[in-house]
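These numbers come from the heavy atoms of this one structure, side chains and all, not from hydrogens, waters or symmetry mates.
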Amino acid sequence: MTTFFMAETSTSTTSSNIGSSSPIVKLAQDHLFTILLLLPIDSLISFARTCKRFRSLTGSDTLWESICRREWGSTSVDALKSSINTKNNQQLPWMRLYKQVSQLDSVSCHKLSDQDSELMLPTPRASHCLNFVSDCLVLFGGGCEGGRDLDDTWVAYIGNDFQRMLKWQKVNSGIPNGRFGHTCIVIGDYLVLFGGINDRGMRQNDTWVGKVVLSENLGITLSWRLLDVRSIAPPPRGAHAACCIDKSTMVIHGGIGLCGLRMGDTWILELSENFCSGTWRELVTHPSPPARSGHTLTCIEGTGIVLFGGRGSGYDALHDVWLLQVSEDELKWKQILYNLQDIPAGVSLPRVGHSATLILGGRLLIYGGEDSQRRRKDDFWVLDVSKIPSHKAQSPLNSRGLQANNMWRMLKAKGYKPYRRSFHRACADHSGCRLYVFGGMVDGLLQPAEAYGLRFDGELFLVKLELETEMVRC
């Protein structure tokens with residue numbers, strides 16, 4: 001990969017290694033483009049080295065835009081194109097952008113809320129939900145000081161002004177009832193919420209569907225309705241993890257159930273076409289992740305669902321990685337084994353209450369959390385799922401799971417420095433290069449009446465991937 005990108009600016013030339021009578025030389029350019037788009041990146045690099053014509057062809061911005069669209073998805077590419085800051089409608093240098101994303105080594109943080117502002121702001125909280133849907137941030141519930149739950153809903157329209165102080169709008173829907181430790185995911189234009197704990201300690205197993213509506217006259221409205229799931233539902237829980245696996249399926253795992261016991265079960269919710277009803281079923285596989293809470297599930301298109309971290313039954317923070325992937329038309333859990341020597345010395349990777357967000361390039365950006373001693377973190381990591389081998393390439397020496405190398409990379413953080421935090425929430429916009437982070441429990445000066453280490457935050461800040469700002473305003 002590096003050799004190929006170095007050749008982008010090289011002044012040397014390569015003589016043709018392909019005879020002039022070769023059929024591939026006589027192909028029209030659009031036919032060659034079609035072939036090149038079927039090749040993996042390594043094969044594309046080899047193809048570029050064969051002759052000057054092919055080097056020029058494989059350096060085309062049009063080709064690399066198509067490659068980015070293939071590997072990042074059309075939604076991310078279209079969102080990037082809408083954020084272009086170039087002159088005279090020049091083509092975005094997609095090959096250079098692809099290189100930057102694949103070799104990402106830093107992010108920058110920017111404050112987006114001001115506690116001294118006269119604007120209405122959400123109450124500080126943790127274990128809430130935060131989602132990006134219909135160009136809006138939607139915040140619901142959470143826990144606050146005194147162990148109380150919150151049942152308020154806040155919405156902030158993002159639009160194209162992603163670096164300004166946002167104006168939150170409180171939405172009075174009255175439902176769902178207050179809770180914390182619930183999960184809420186985005187499927188299309190809908191929100192799907194499950195479970196949680198109220199301030200009386202009661203675990204819940206209800207499922208709700210919400211939708212944001214933008215109106216020029218009425219502003220922003222959010223309506224919720226209880227989903228009809230008939231008689232079968234997962235046991236009540238909170239502090240579990242959830243994500244969507246396609247346009248109609250939700251997956252949940254683990255959490256804290258009745259009597260405070262940590263759970264290790266996996267459940268699948270199949271939604272009807274109109275999102276009016278759904279069917280829950282338990283997924284039973286062997287092996288499967290051990291019981292835990294405060295972990296994350298993140299869907300990686302074309303790979304599966306990645307589970308990371310959490311707090312195990314022994315109360316220790318975990319650092320194991322699991323992949324829920326489709327194998328022979330069935331969902332199966334596989335543990336991803338990695339070498340701890342890849343982790344920088346002195347850095348503690350195990351954590352609970354972190355966030356794991358899919359970013360541009362199909363990688364996970366993991367932020368914050370706390371360790372087994374409840375020491376909070378402010379570090380950023382990239383988990384590169386492209387390093388995970390196919391289950392078909394599994395070695396007999398690794399019968400417990402799939403071996404991955406160089407999967408972790410720690411990122412530098414620039415700009416604004418927020419408090420260390422855990423049980424915050426984060427979500428990305430459509431481009432995948434901007435993340436919004438809100439709330440959590442943070443480190444800071446404690447008042448005499450406060451419980452040790454328990455301080456809630458109400459700050460909203462933006463995390464941006466460090467890409468060339470003259471090309472893309474992200």
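- H128 has its ring centre no less than 6.0 Å from the ring centre of F423.
- In this structure, R96 forms no cation-pi arrangement with Y98, as its terminal cationic atom is not both closer than 6.0 Å to the ring centre and no more than 45° off the ring axis.
- Between R311 and E370 a salt bridge is recorded (basic side-chain N to carboxylate O distance below 4.0 Å).
- A cation-pi contact, defined as under 6.0 Å to the ring centre and within 45° of the axis, links R455 to Y419.
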- Trace of the ring-ring contact (aromatic ring centres under 6.0 Å, His included) decision for F308 with W408: CA-CA 12 Å; F308 171 66; W408 291 99; 5.1 Å; yes

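- Between the side chains of H295 and H253, a donor-acceptor pair is found at a separation under 3.5 Å.
- With respect to the salt-bridge test (charged N to carboxylate O, under 4.0 angstrom), the residues D316 and R292 do not qualify.
- Put simply, the side chain of L383 does not reach to within 4.5 Å of the side chain of R363, judged on heavy atoms.
- For the residue pair A233 and W267, the shortest heavy atom distance occurs at O-CH2, 4.0 Å.
- By the 4.5 Å heavy-atom criterion applied to side chains, M441 and R421 are not counted as neighbours.
- Under 4.0 Å is where a charged nitrogen must lie from a carboxylate oxygen, and between R375 and D443 no such pair does.
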- Item | Test log, rule side-chain contact (heavy atoms from CB on, under 4.5 Å), inputs K332 and Q325 | CA-CA 6 Å; K332 293 183 179 180; Q325 63 180 180; 5.6 Å; no

- Carefully, step by step, assess D149 and R125 under the rule salt bridge (charged side-chain N to carboxylate O under 4.0 Å, His left out). CA-CA 9 Å; D149 63 43; R125 66 192 69 201; over 6 Å; no

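- Checking side-chain atoms of R203 against main-chain N and O of G201 turns up a donor-acceptor pair under 3.5 Å.
- Contact check for L137 versus L460: side-chain heavy atoms found under the 4.5 Å cut-off.
- Under 3.5 Å, the side chains of E270 and T279 contain no donor-acceptor pair of N or O atoms.
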- Query: For F132 and H430, what are the C-alpha separation, side-chain angles and deciding distance, and is it a ring-ring contact (aromatic ring centres under 6.0 Å, His included)?
  - Reply: CA-CA 8 Å; F132 184 83; H430 294 310; 5.0 Å; yes

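- Ring pair F275/Y190 is parallel by interplanar angle, where below 30° counts as parallel and above 60° as perpendicular.
- Using a 3.5 Å distance cut-off with no hydrogens or angles, the side chains of H354 and S422 do not pair a donor with an acceptor.
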- So R420 and D379, salt bridge (charged side-chain N to carboxylate O under 4.0 Å, His left out) or not? Walk me through it. CA-CA 8 Å; R420 298 171 180 265; D379 49 351; over 6 Å; no

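- Taking the ring centre of F461 as origin, the terminal cationic atom of K111 falls outside the region bounded by 6.0 Å and 45° from the ring axis.
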- List the steps, then state whether side-chain contact (heavy atoms from CB on, under 4.5 Å) holds for L271 with V192. CA-CA 10 Å; L271 291 152; V192 183; 4.1 Å; yes

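- One side chain, S108 or H110, offers a donor N or O that lies under 3.5 Å from an acceptor on the other.
- Using a 3.5 Å distance cut-off with no hydrogens or angles, the side chains of H240 and S293 do not pair a donor with an acceptor.
- Aromatic ring centres of W280 and F194 lie closer together than 6.0 Å.
- For the pair F380/K412, no side-chain contact is recorded, criterion being any heavy-atom separation below 4.5 Å from C-beta on.
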